[in-house]
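First the structure, in the form of structure tokens, and then the observations on it.
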Amino acid sequence: MTSPVLKIKNLSISFKMGKQITPVVHKVNLELIKGETLALVGESGSGKTITAMSILRLLPDSAVYPCGTIEFEGKDTLTVSQKDLRQIRGNNIGVIFQQPMTSLNPLHRIGKQLKESIFLHQPETTSQKADETALFWLKKVGLKNPEKRVNAFPHELSGGERQRVMIAMALINKPDILIADEPTTALDVTVQAQILELIKDLQNEMGMAILFITHDLGIVKKIADQVAVMKDGHIVETDRPHKIFTSPSHAYTRHLINSEPKGQPDPVDAGNEILIRIEHLKVWFPIQKGILRRTVDHVKAVNDISLSIKKGHTLGIVGESGSGKSTAGFALLQLNKSQGTILFGENSLNDLDSSRIRPLRKRMQIIFQDPFGSLNPRMSVAQIIGEGLDIHTPGLTLKEKQARIISVMEKVGLDPASRSRYPNEFSGGQHQRIAIARALILKPEFIVLDEPTSSLDRSVQFQVLELLKALQKEFGLTYIFISHDLKVVRSICHDIVVMKDGIIVEAGNSDRIFSHPEHEYTRKLMNTAFN
């Protein structure tokens, strides 16, 4: 048997706050084999990411290691010097992080950030060669129009496009080990398949060992050579994928395997009045060049689309990354500059300045695709969730405000006792629940849900979808549900719009779209998602 390139032995991790020490990972043992993929699976909060990030000591200073070692090339990464650790990071061991927006510098173009990684570990490289290498890797991970995108800032890319940049950055120095923390979470199903194939091809080419962290067991089937199942900081089962899926020994593993989005959207009245109408909406981003920054072209993110949404309905907007789904949702809420007509009830949002649109913000909320990036790291969870109350309901007493915060945290499955903690102390799935609670606390009429369940494990996805359905039924909420996960879309959306390259290629009732898709692109999405 091939010897391991990395060994985690008897590793325990705790977090220290003052005199209080909270154990989170308990005596974990894992081995990474050269050329193989170890999938670490489990629900949000199980300790997957904490275990993986400890390999390169990327946890906050409050993390302590009561026992255990992490051996790489004869050294314990928990005790090596900072100089040695900097050499290992990005060069010997690459990382694809779960939150691409917070991992990319918002002030620098993506090409510059890729080149920085090259120069750090390959200082002899010329600037021209670094440019060529950066462009090569952007093409390799499937970024559209890489010649244009290489000069884009992170905020100008979709969530899926940012994730692809992160994959390029992690692989650009051809590491011995790749830690992939939910690397395809933000990607649509077709690109997800391409990225998984790419990672596998690169692994075969370079003999790279991969620690693949995911909550999606469908991915595990496609990519893993070995599977470790984690629950509450413990490894409860480790085996080959075939054995895990055909005869799992632990009840928790069986629970994960049986978790899939289920059900249909609750029936709604087709005669409900229209709450939102969009006509000939355009969102074009200028491409500027030269010293004078002249506009030489445009990225046509959304190009002349029209749609309407009835009260109490859920409209799903689906399509591949970069198709314009999120951009259209942001424009609807006046978070992007746009052309066209946007009507919210009797209000023409295009005609309102910032002071006049502010009172409507309470009625319109958004849940962002990258929850951690939308949470202020200096604010406690209670402050984050209750911030909207301070702005829109300033007359509440402290006791009334706390009662509302506790109530909404319970509804989204968060422990109210954790409300004094900060975002960095929560898992990716818990970040999404905090973001959902923040949107729900104002009891809005309309919510744009931008990939609201993409970072959640399947069992929690089901709980959140049921919660959203219950809230919609109770308060008559109207949703736009933006997603690349068609299984989730089918379970909650009454109507669907399919977008490609900034335009709508097909729209209609959910049942009709899923049973009889008319456009070739829609059929392609369906085949990839359900086969």
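All values below come from the heavy atoms of this structure, side chains included, with hydrogens, waters and symmetry mates left out. From a predicted model like this one, the values you see are computed outputs, not experimental measurements. Numbers here simply count residues along the sequence, with the first being 1.
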Taking the side chain as every heavy atom from C-beta outward, state whether [X] and [Y] have any atom pair closer than 4.5 Å.
{"X": "Ile210", "Y": "Ile199", "answer": "yes"}
{"X": "Val28", "Y": "His234", "answer": "no"}
{"X": "His250", "Y": "His255", "answer": "no"}
{"X": "Pro154", "Y": "Asn105", "answer": "no"}
{"X": "Ile179", "Y": "Ile213", "answer": "yes"}
{"X": "Ser326", "Y": "Ile482", "answer": "yes"}

Quiz prompt | Derivation and outcome, side-chain hydrogen bond (donor to acceptor under 3.5 Å, both in side chains), residues Asn173 and Ser117 | solution = CA-CA 8 Å; Asn173 289 302; Ser117 181; 3.1 Å; yes
Is it the case that the side chains of [Y] and [X] hold a donor-acceptor pair, with the cut-off being a distance below 3.5 Å and no angle test?
{"X": "His484", "Y": "Glu451", "result": "yes"}
{"X": "Gln203", "Y": "Thr37", "result": "yes"}
{"X": "Thr69", "Y": "Asn10", "result": "no"}
{"X": "Arg438", "Y": "Ser374", "result": "yes"}
{"X": "Arg419", "Y": "Gln402", "result": "yes"}
{"X": "Thr314", "Y": "Gln472", "result": "yes"}

Checking the side chain of [X] only, and the main-chain atoms of [Y] only, is there a donor and an acceptor separated by less than 3.5 Å?
{"X": "Glu71", "Y": "Asp76", "value": "no"}
{"X": "Lys469", "Y": "Gln264", "value": "yes"}
{"X": "Asp84", "Y": "Val80", "value": "no"}
{"X": "Lys48", "Y": "Glu43", "value": "yes"}
{"X": "Ser483", "Y": "Asp485", "value": "yes"}
{"X": "Glu410", "Y": "Pro416", "value": "no"}
{"X": "Lys325", "Y": "Phe481", "value": "no"}
{"X": "Asp415", "Y": "Ala417", "value": "yes"}
{"X": "Ser54", "Y": "Arg57", "value": "no"}
{"X": "Glu237", "Y": "Thr253", "value": "no"}

Quiz item: Does the pair Tyr479 and Leu471 meet the rule for a side-chain contact (heavy atoms from CB on, under 4.5 Å), with working shown?
Solution: CA-CA 11 Å; Tyr479 297 140; Leu471 292 167; 3.9 Å; yes
Quiz item: Which residue pairs satisfy the salt bridge (charged side-chain N to carboxylate O under 4.0 Å, His left out) criterion with at least one member in residues 193-214, sequence neighbours excluded?
Solution: Lys200-Asp225
Self-check item: Derivation of the side-chain contact (heavy atoms from CB on, under 4.5 Å) call for Phe514 and Leu486
Solution: CA-CA 9 Å; Phe514 278 102; Leu486 295 180; 4.2 Å; yes
Quiz item: Does a salt bridge link Arg512 with Glu506, judged by any charged N lying under 4.0 Å from a carboxylate O?
Solution: yes
For residues 17-25, run the donor-acceptor check on the side chains, cut-off 3.5 Å, and write out each pair with its distance to 0.1 Å, sequence neighbours left out.
none

Quiz item: Looking at NZ of Lys9 and SG of Cys67, how far apart are the two atoms once the value is rounded to the nearest 0.5 Å?
Solution: 13.5 Å
Practice problem: For atom NZ of Lys401, decide whether the heavy atoms of other residues, nucleotides or ligands shown that lie under 6.0 angstrom number more than 12. | Solution: yes
Quiz item: So does Lys443 have more than 12 non-hydrogen atoms from other groups sitting under 6.0 Å from NZ?
Solution: no
Exercise. Apply side-chain contact (heavy atoms from CB on, under 4.5 Å) to the pair Leu467 and Lys411, showing each step before the final yes or no.
Key: CA-CA 7 Å; Leu467 169 65; Lys411 282 188 175 182; 4.2 Å; yes
Quiz item: What orientation do His313 and His494 show, parallel under 30°, tilted 30 to 60°, or perpendicular over 60°?
Solution: tilted
Exercise. Decide yes or no on side-chain contact (heavy atoms from CB on, under 4.5 Å) for Glu425 and Tyr422, but give the supporting numbers first.
Key: CA-CA 6 Å; Glu425 300 175 67; Tyr422 290 82; 3.8 Å; yes
Quiz item: Distance under 6.0 Å and angle within 45° of the ring axis: does Arg421 meet both against Phe426?
Solution: yes
Exercise. Name all residues meeting the salt bridge (charged side-chain N to carboxylate O under 4.0 Å, His left out) criterion together with Asp232; count only those two or more places apart in sequence or in a different chain, and write none if there are none.
Key: none
